2 protein chains.
Amino acid sequence: MTDTLQAGPRPRLNRARVLEAAVALADEIGIESLSMRRLAQELGVVPMALYKHVANKEELLDGMVDVIVGEIDPPAADADWKSGVRSRILSARHTLQRHAWARRAIETRTAMTPRVLDYMDSFVGVFLTGGLSLDLTHHAMHALGGRVWGFTQELFEDPAAPAPAVSDADRAEMLRQAAQRYPNVVAIATSVTHDEGSVVGHGCDDQFEFEFALDLLLDGFERLHARGWTSRGAKTQQSNTEAAKTAR
Amino acid sequence: MTDTLQAGPRPRLNRARVLEAAVALADEIGIESLSMRRLAQELGVVPMALYKHVANKEELLDGMVDVIVGEIDPPAADADWKSGVRSRILSARHTLQRHAWARRAIETRTAMTPRVLDYMDSFVGVFLTGGLSLDLTHHAMHALGGRVWGFTQELFEDPAAPAPAVSDADRAEMLRQAAQRYPNVVAIATSVTHDEGSVVGHGCDDQFEFEFALDLLLDGFERLHARGWTSRGAKTQQSNTEAAKTAR
DNA sequence: ACCTGAACACCGTTCAAGT
DNA sequence: ACCTGAACACCGTTCAAGT
């Protein structure tokens, strides 16, 4: 029972250890189950001990996001802004996918930490050094939204809970009934996976869907850039609700 | 003290009254403060009384989303699919903006209610009757993501908490320091509002940013449709990570 | 300087009862 | 059929102590 090499009786807490443990715990049990008390227990410590190292739960979450941001690969020096942005986003996506809770955590942050601002700044820099105008870069960042972190703006959460086990026959019958009431939804849901013989949904290739939308946007930026588009022109030239149509 | 016309002592609960009250309460105090207990109190009833009308809090949230979906204007019969989709989305956006909590609530739903499926089905129908392929429509819906509800995929929440009151001088100094460390972020943040003389951020025209990204995507769909694009072609023709580049 | 213990004001939800 | 009361197993966070 020496305390040199094993998990060891509390090597004393510090901020880094707290954040690290929080990330690992969230990976394991999910962000909705991560509580200060549960985390304290994991660290073999009383809940209030954590408050010496993070001001409160919000700051804990800020710190956890910082840890993730630190895991994103630095940008490769790409030839052009477009592939530079593209590869940086795909690299962020790769990192974020290792931490299923990260998306939700990022979305609920109300302020950017210095570390997050560093990330954003280098990101914006890729556009600017690529020659895009401040104006276009501004709107491009907005249009990308959460995609700069590599997450898709899904309509609904992943089902997470595995669908209850049903027989193939019941499954087919359910699908038939659904197709009666929601013909269009069922049609597009089955259209893509159809080719591979799977039945419904979740043959969905998330990576493909992500890149599909990403490239649509990047191509759009490129086209606007090439024609010297400005938002001022877009706004004054046209009616309000048709404003962005110059994108055409 | 007659109980005919006034707020009245409990006109007896039912599901509709519970959901209605929940929506109103969430509008007022925010989704994070909405609890079963608080809602019960608002209805002048003991917490457990609610459980006769909704199975649990998740089902309450499902029902609240249904209420919102019911508020979205029915689609105008537009000439072409593109303006049909566009106006439907802007109409959804208009409705959702009346309920600041709705976005978060929708994002956390794990299954679609029949009412939500109805909405999606009619939405998909606009693409299909417009002549788009099942394949393209499928990917288009994914690319739009939460935008079919009219919300932007913002990088971070709205600051919500109003920035602490600081003098213009302090504000300028803070900006100067920030520009030192985050030159690119400050540059694009100030670029757009610059024209109108405001100092930083939040001169941002959310509606413009939303339509900018929306139209970029819609224009992209149109272009792909015109050239008979298929995802099968996109996938087999090219390397994996470059898959969606046919969007060009 | 760091950790503890007890307490406060909350949660969602159960179970067994009341009318 | 609908509502109540008491209880259980949780939360985040405070305050005053301990070492």
Side-chain angles (χ1 to χ4, degrees), chain A residues 3 7-26 28-65 101 104-105 107-111 157 160-161, chain B residues 3 7-26 28-65 101 104-105 107-111 157 160-161:
Chain A
D3 22 314
R10 37 233 80 114
R12 212 179 208 180
L13 242 43
N14 58 47
R15 194 166 210 271
R17 257 176 45 75
V18 169
L19 296 181
E20 207 181 301
V23 166
L25 189 56
E28 197 187 330
I29 66 175
I31 197 78
E32 69 287 342
S33 302
L34 179 78
S35 68
M36 297 297 277
R37 296 173 112 106
R38 183 89 167 69
L39 175 58
Q41 178 191 301
E42 201 76 9
L43 286 162
V45 102
V46 94
M48 280 317 297
L50 300 177
Y51 286 79
K52 206 87 257 165
H53 305 99
V54 291
N56 48 40
K57 194 177 183 182
E58 284 296 290
E59 201 187 288
L60 177 75
L61 291 168
D62 284 343
M64 291 169 68
V65 170
W101 51 270
R104 178 115 317 161
E107 282 174 345
T108 57
R109 297 310 80 214
T110 57
E157 284 284 273
Chain B
D3 21 316
R10 37 231 82 113
R12 210 178 210 181
L13 243 42
N14 58 49
R15 194 166 209 270
R17 256 177 44 76
V18 169
L19 296 181
E20 207 180 302
V23 166
L25 189 55
E28 196 186 332
I29 66 175
I31 198 78
E32 70 287 342
S33 302
L34 179 78
S35 69
M36 297 298 276
R37 296 173 112 107
R38 183 90 168 66
L39 175 58
Q41 178 190 300
E42 201 76 8
L43 286 162
V45 102
V46 91
M48 280 317 297
L50 301 176
Y51 287 78
K52 205 89 253 170
H53 305 100
V54 290
N56 48 39
K57 195 177 183 184
E58 285 296 289
E59 200 187 290
L60 176 76
L61 290 168
D62 284 343
M64 291 171 67
V65 170
W101 50 270
R104 178 117 317 164
E107 282 174 343
T108 57
R109 295 312 80 213
T110 56
E157 284 285 270

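The shown structure was predicted, so the numbers you read here are calculated from the model rather than taken from an experiment. Just so we're on the same page: letters track the sequence lines, and every chain starts at 1.
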Trainee: Could you please name the partner base of D/dG18, counting Watson-Crick and G-U wobble pairs only when both distances are under 3.5 Å?
Mentor: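 Check on D/dG18: paired to C/dC2, both distances under 3.5 Å.
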Trainee: Given C/dC11, C/dC3, D/dT13, which nucleotide is nearest the side-chain atoms of B/S35?
Mentor: C/dC11
Trainee: Of the nucleotides D/dC11, D/dT4, C/dT13, which one has an atom closest to the side chain of B/R37?
Mentor: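 Nearest listed nucleotide: C/dT13.
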Trainee: To the nearest angstrom, how far is B/E32 atom CD from C/dC10 atom C1'?
Mentor: 15 Å
Trainee: Within this structure, what is the CD-to-P distance between A/Q41 and D/dG12, rounded to whole angstrom?
Mentor: 12 Å
Trainee: What is the minimum heavy-atom distance between A/L25 and A/L39, and which atoms define it?
Mentor: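 Looks like CD2-CA, 3.7 Å.
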Trainee: From D/dT13, C/dC3, C/dT13, pick the nucleotide closest to the side chain of A/P47?
Mentor: D/dT13
Trainee: Could you say whether B/K52 or A/M48 is positioned toward the 5' end of DNA chain D, judged by the nucleotide with the nearest heavy atom to each?
Mentor: B/K52
Trainee: Starting at CG of B/L50 and ending at P of C/dC11, how long is that distance when rounded to a whole Å?
Mentor: 13 Å
Trainee: Can you tell me how far P of C/dC11 sits from CD1 of B/I31, to the nearest Å?
Mentor: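 B/I31 atom CD1 is separated from C/dC11 atom P by 14 Å.
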Trainee: Report yes if some heavy atom in the side chain of A/R37 is under 4.5 Å from a heavy atom in the side chain of A/P47; otherwise report no.
Mentor: yes
Trainee: Tell me the interatomic distance from A/L39, atom CG, to D/dG12, atom C1', rounded to whole angstroms.
Mentor: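 It works out to 13 Å between those atoms.
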Trainee: Would you mind reading off the distance between A/R12 atom CZ and D/dT19 atom P, rounded to a whole angstrom?
Mentor: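 Rounded to the whole Å, the gap is 16 Å.
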Trainee: Please report, rounded to the nearest Å, how far the P atom of C/dT4 is from the CG atom of A/L43.
Mentor: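 The answer, rounded to whole Å, is 11 Å.
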Trainee: Below 4.5 Å, heavy atoms only, C-beta onward: do B/R104 and A/E107 meet side chain to side chain?
Mentor: yes
Trainee: Does some side-chain heavy atom of A/I31 sit less than 4.5 Å from a side-chain heavy atom of A/L34?
Mentor: yes
Trainee: For a quick test of reading the model: is some side-chain N or O of B/H53 closer than 4.0 Å to OP1 or OP2 of D/dC3?
Mentor: yes
Trainee: In this structure, how many angstroms lie between the C1' atom of D/dA1 and the CG atom of B/N14, rounded?
Mentor: 13 Å
Trainee: If you define the side chain from C-beta out and look only at heavy atoms, does anything of B/E58 sit under 4.5 Å from B/R109?
Mentor: yes
Trainee: Partner lookup for D/dG12, please. Criteria are Watson-Crick or G-U wobble with both distances under 3.5 angstrom; report none if nothing qualifies.
Mentor: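 The answer is C/dC8, by the H-bond criterion.
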